[in-house]
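One structure is given here, and the rest of the page talks about it.
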Amino acid sequence: MIKIVLADDQALVRAGFRALLDAQPGMTVVAEAADGAQALRLAAEHRPDVVLMDIRMPGMDGLTATREMPPGPRIIILTTFELDEYVFEALRNGASGFLVKDTEPAELIQAVRVVAAGDALLFPGVTRRLIAEYASRAKVPHPSQDLSLLTEREREVLTLVGTGMTNDEIAQRLFMSPATAKTHVSRAMMKLHARDRAQLVVIAYESGLVRPGWL
């Protein structure tokens, strides 16, 4: 059973999401929060698998709550705008992906399943545009990553992850099997202590392997 906490300051939005998610087999909404501080308390109490986190809330916003969330829950950022300036900060602070609030119900359900399974929720084209737009003016410097831990092939793969490529696209570009590409991605995550693919994308930009504006 996938346990979910909803964090949004609009009760109507929470009610709609709850009705949709509770109707799915294998999913249950265990709590609702109206701001980031409440989301942190409820996450500590209920230990959910996934938190759907509105990025803009009064009091403690979703960005701060994402940064302060203890290890465990996977966070999906909810935003009204596809290119929201705070989404990049949320990804670098531990969010596993993002959705616009008017996404189709089937996409929301699939997103929860993907993130609960430990994968990042990244739509390559959108992610590429988002990070290219904001990576060069991120507000808080990120600790430098020791890329010397990576093999040359892992650096190549990390660069392609940063440009928004899927494992299948990486495999085709580097003339390897998708399984081999996935293995290189997993090893890069382990060596760089990245919790998921979303953080690998951020690392690729902030380490200079990929530069904002590259497509």
Side-chain angles (χ1 to χ4, degrees), residues 1-24 27-103 105 107-109 111-122 127 130-131 134-135 137-143 193-199 201-203 206:
M1 183 66 70
I2 300 172
K3 297 189 297 182
I4 304 161
V5 166
L6 300 176
D8 194 294
D9 61 311
Q10 298 183 48
L12 190 59
V13 171
R14 297 198 308 271
F17 281 3
R18 180 167 204 143
L20 174 65
L21 295 169
D22 276 344
Q24 305 307 310
M27 291 186 187
T28 181
V29 175
V30 296
E32 297 180 24
D35 60 34
Q38 190 177 13
L40 290 176
R41 291 195 300 272
L42 292 172
E45 178 182 349
H46 294 278
R47 306 181 68 84
D49 303 294
V50 175
V51 177
L52 288 173
M53 182 84 75
D54 184 14
I55 202 165
R56 297 171 183 268
M57 294 182 286
M60 181 185 289
D61 62 17
L63 179 61
T64 303
T66 296
R67 183 167 55 245
E68 296 185 7
M69 186 70 66
R74 298 279 179 165
I75 300 172
I76 299 175
I77 292 295
L78 299 172
T79 178
T80 305
F81 308 104
E82 190 176 86
L83 294 183
D84 189 315
E85 63 181 303
Y86 295 112
V87 171
F88 175 75
E89 290 293 328
L91 291 176
R92 82 188 315 193
N93 285 321
S96 292
F98 64 95
L99 287 172
V100 290
K101 287 187 178 182
D102 62 356
T103 190
E107 291 181 356
L108 173 64
I109 294 163
V112 171
R113 295 194 189 282
V114 165
V115 170
D119 294 325
L121 182 68
L122 297 176
T127 301
L130 172 78
I131 296 182
Y134 297 110
R137 48 194 174 96
K139 299 183 178 81
V140 181
H142 191 70
H193 305 290
R195 67 183 294 174
D196 56 30
R197 197 181 188 96
Q199 287 198 327
V201 172
V202 173
I203 289 170
E206 295 193 327

Under 3.5 Å, which donor-acceptor pairs link side chains of residues 42-49 to any protein atom two or more places apart or in another chain?
| residue | atom | partner | partner atom | Å |
| --- | --- | --- | --- | --- |
| D49 | OD2 | K3 | N | 2.8 |

request  = Would you please name every residue forming a side chain to side chain donor-acceptor pair (under 3.5 Å) with Q199, sequence neighbours left out?
outcome  = none

query = Short question: side chain of D54, backbone of G62 - any donor-acceptor pair under 3.5 Å?
reply = no

task = Give the C-alpha distance, both sets of side-chain angles, the deciding distance and a yes or no for side chain to side chain contact (heavy atoms under 4.5 Å, CB included) between R74 and D196.
result = CA-CA 10 Å; R74 298 279 179 165; D196 56 30; 3.3 Å; yes

message = Quick check: closest heavy atoms across V51 and P73, and the distance to 0.1 Å?
response = CG2-CB, 3.8 Å

message = Once rounded to the nearest 0.5 Å, what's the spacing between atom CG of N93 and atom OG1 of T64?
response = 9.0 Å

inquiry  = Please report the interatomic distance CD1(I77) to CG(L91), rounded to the nearest 0.5 Å.
reply    = 7.5 Å

ask   = Could you state the interatomic distance from CZ (R56) to CG (L63), rounded to the nearest 0.5 Å?
value = 10.0 Å

query = If you look at every heavy atom in L40 and P70, which pair is closest and at what distance?
reply = CD2-CD, 4.5 Å

request  = To the nearest 0.5 Å, tell me how far I4 CD1 sits from R18 CZ.
outcome  = 10.0 Å

message = Does any part of the side chain of Q24, heavy atoms only, come nearer than 4.5 Å to the side chain of I2, both counted from C-beta?
response = no

ask   = For A7, what residues pass the side chain to side chain contact (heavy atoms under 4.5 Å, CB included) criterion, not counting sequence neighbours?
value = A33, A39, M53, M57

remark   = Taken to the nearest 0.5 Å, the spacing of I55 CD1 from D61 CG works out to 7.5 Å

query = Donor-acceptor pair, R14 side chain versus D8 backbone, under 3.5 Å?
reply = yes

Side chains of V50 and I76 in contact at under 4.5 Å (non-hydrogen atoms) = yes

request  = For T103, check side chain to side chain donor-acceptor pair (under 3.5 Å) against everything at least two apart and list the hits.
outcome  = E107

request  = Would you please test V5 and V30 for side chain to side chain contact (heavy atoms under 4.5 Å, CB included) and show each step?
outcome  = CA-CA 6 Å; V5 166; V30 296; 3.9 Å; yes

task = Could you list the residues that satisfy salt bridge (charged side-chain N to carboxylate O under 4.0 Å, His left out) with R41, not counting sequence neighbours?
result = none

inquiry  = Quick check: do D22 and T28 have side-chain heavy atoms less than 4.5 Å from each other?
reply    = yes

All side chain to side chain donor-acceptor pair (under 3.5 Å) counterparts of R113, not counting sequence neighbours = none

ask   = Can you tell me how far the CG atom of L6 sits from the CZ atom of F17, to the nearest 0.5 Å?
value = 8.0 Å

